[in-house]
Asks: 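Before I ask anything, here is the structure I am working with.
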Amino acid sequence: MATYENPRLVLNSASPPEPGRVAWRSPSNIAIVKYWGKRGIQLPQNPSLSFTLTAAYTDMALEYALKERPDPEIDLKFFFEGQPNETFHRKVAAFLESVTPIFPFLRQITIVIRTSNSFPHSTGIASSASSMSALALCLCSLEHRFFQTLPNDAEFERKASYVARLGSGSACRSIYPYAALWGLTPALPGSSDECAVPLDAQLHPIFRAFRDDVLVVSAAEKAVSSRAGHALMEGNPFAETRYAQARSRTVRLLEALRSGDVETFGQIAEEEALALHALMMCSQPPYLLLQPNTVAVMHRVRAFRQETRLPVYFTLDAGPNVHVLYPAQHEEVVRSWVESALKPLCENGFYLADRAGEGPEEL
Ligand code: PMV
């Protein structure tokens with residue numbers, strides 16, 4: 001695959017672009033088969049597969065103007081929810097610097113980024129997938145605005161997914177509607193370790209309207225970041241077995257998604273959630289992100305499923321919050337049970353009713 005490095009993407013100062021703005025809304029995603037462990041430059045150790053969400057998203061606007069004087073430094077101002085944010089500024093400036101071989105024109109312009117999330121700050125809902133995918137989309141829009149190099153939607157998305165991956169691995173999957181797969185698997189021709197591929201054409205209709213109620217059991221910042229968690233997979237004694245397990249679950253999950261087999265889907269979702277946290281507990285040093293209420297929610301989901309025979313399943317991200325997954329046709333009953341049985345287990349009673357959806361939108 002192309003590296004996308006392109007030294008020709010430089011602006012001609014004899015005919016400079018007018019100052020302007022590009023903007024995207026990009027959603028978060030929830031992995032069913034998890035990406036956990038990486039190699040090289042943000043390449044995954046195993047394929048992963050996620051649903052693209054709707055309600056949890058980042059809005060990002062990028063304003064640009066040609067620099068008055070040539071200066072190789074990245075010239076960035078960064079506002080999060082209207083306020084300058086030092087931590088995000090540092091992270092984004094370093095990322096922009098790292099992608100200058102792909103977008104050399106970034107050294108020629110001043111950049112102002114204004115961003116906000118749809119979910120309240122400090123709910124423990126991770127925003128790296130939505131924010132890094134929004135940023136990658138803005139950069140590709142900028143390239144196309146300046147050079148008309150990405151007229152084809154599929155090419156545009158592929159490049160955006162590639163660039164998003166460099167910012168945060170899981171972000172590469174947020175580019176596509178409904179569901180996406182990232183990582184090489186023999187079960188899907190065209191799959192790649194370098195960017196995600198869309199899965200919407202492979203989905204049985206029941207999965208297009210899947211619900212995901214995100215139960216915020218704890219809004220506290222995680223004690224161990226995903227970055228540190230990926231790194232700890234290197235010394236994990238179960239690493240190779242884990243990667244093989246994820247590969248075979250990906251093959252089975254793809255088949256279940258095509259055929260509409262909700263039971264196999266749910267079984268894999270729960271197995272993957274528990275495997276992810278078991279890997280953390282087996283790292284050197286081991287760590288534990290589950291809270292008492294995380295465990296309580298998982299037990300309640302299983303008991304509810306047994307009592308009602310409804311296809312309601314859980315998954316977890318790399319933290320204590322629980323995603324409750326079920327088909328849209330059961331929304332009424334399940335939602336009222338979530339309100340009465342699960343909401344009281346959430347911090348400040350907060351949960352986010354989300355669903356699989358159409359993916360990023362240009363603003
Ligand atoms: O993209 P990262 O580096 O934040 O890692 C994400 C890891 C998980 O959310 C736990 C799994 C996944 O595939 O999204």
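All values reported here derive from a predicted model rather than from experimental measurement. Numbering of ligands and ligand atoms starts at 1, following listing order.
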Asks: When you look for protein heavy atoms under 4.0 Å from ligand 1, which residues do they belong to?
Replies: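 Under the 4.0 Å cut-off, ligand 1 touches Ala31, Lys34, Tyr35, Trp36, Ser128, Ser168, Gly169, Ser170, Arg173, Ser226, His230, Leu276, Ala318.
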Asks: Could you note down all residue pairs passing salt bridge (charged side-chain N to carboxylate O under 4.0 Å, His left out) where residues 274-300 supplies at least one of them, sequence neighbours left out?
Replies: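 Pairs touching residues 274-300 that pass the test: none.
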Asks: Does any donor atom in the side chain of Ser168 or Ser128 lie under 3.5 Å from an acceptor atom in the other side chain?
Replies: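 Ser128 and Ser168 do have a side-chain donor-acceptor pair below 3.5 Å.
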Asks: For residues Thr185 and Arg247, is any side-chain donor paired with an opposing acceptor at under 3.5 Å?
Replies: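 There is no such pair (donor and acceptor under 3.5 Å, judged by atom type) between the side chains of Thr185 and Arg247.
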Asks: Could Arg211 and Glu331 be called an ion pair, given the rule that one side-chain N must be under 4.0 Å from one carboxylate O?
Replies: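 Salt bridge flag = yes for Glu331 with Arg211.
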Asks: So for atom CD, which belongs to Glu339, do other residues, nucleotides or ligands contribute more than 12 heavy atoms lying within a distance under 6.0 Å?
Replies: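 Yes, the 6.0 Å shell around CD holds more than 12 heavy atoms from other groups.
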Asks: Please assess Tyr326 against Phe210 for the test ring-ring contact (aromatic ring centres under 6.0 Å, His included), listing each intermediate value before the final yes or no.
Replies: CA-CA 6 Å; Tyr326 52 94; Phe210 238 68; 7.6 Å; no
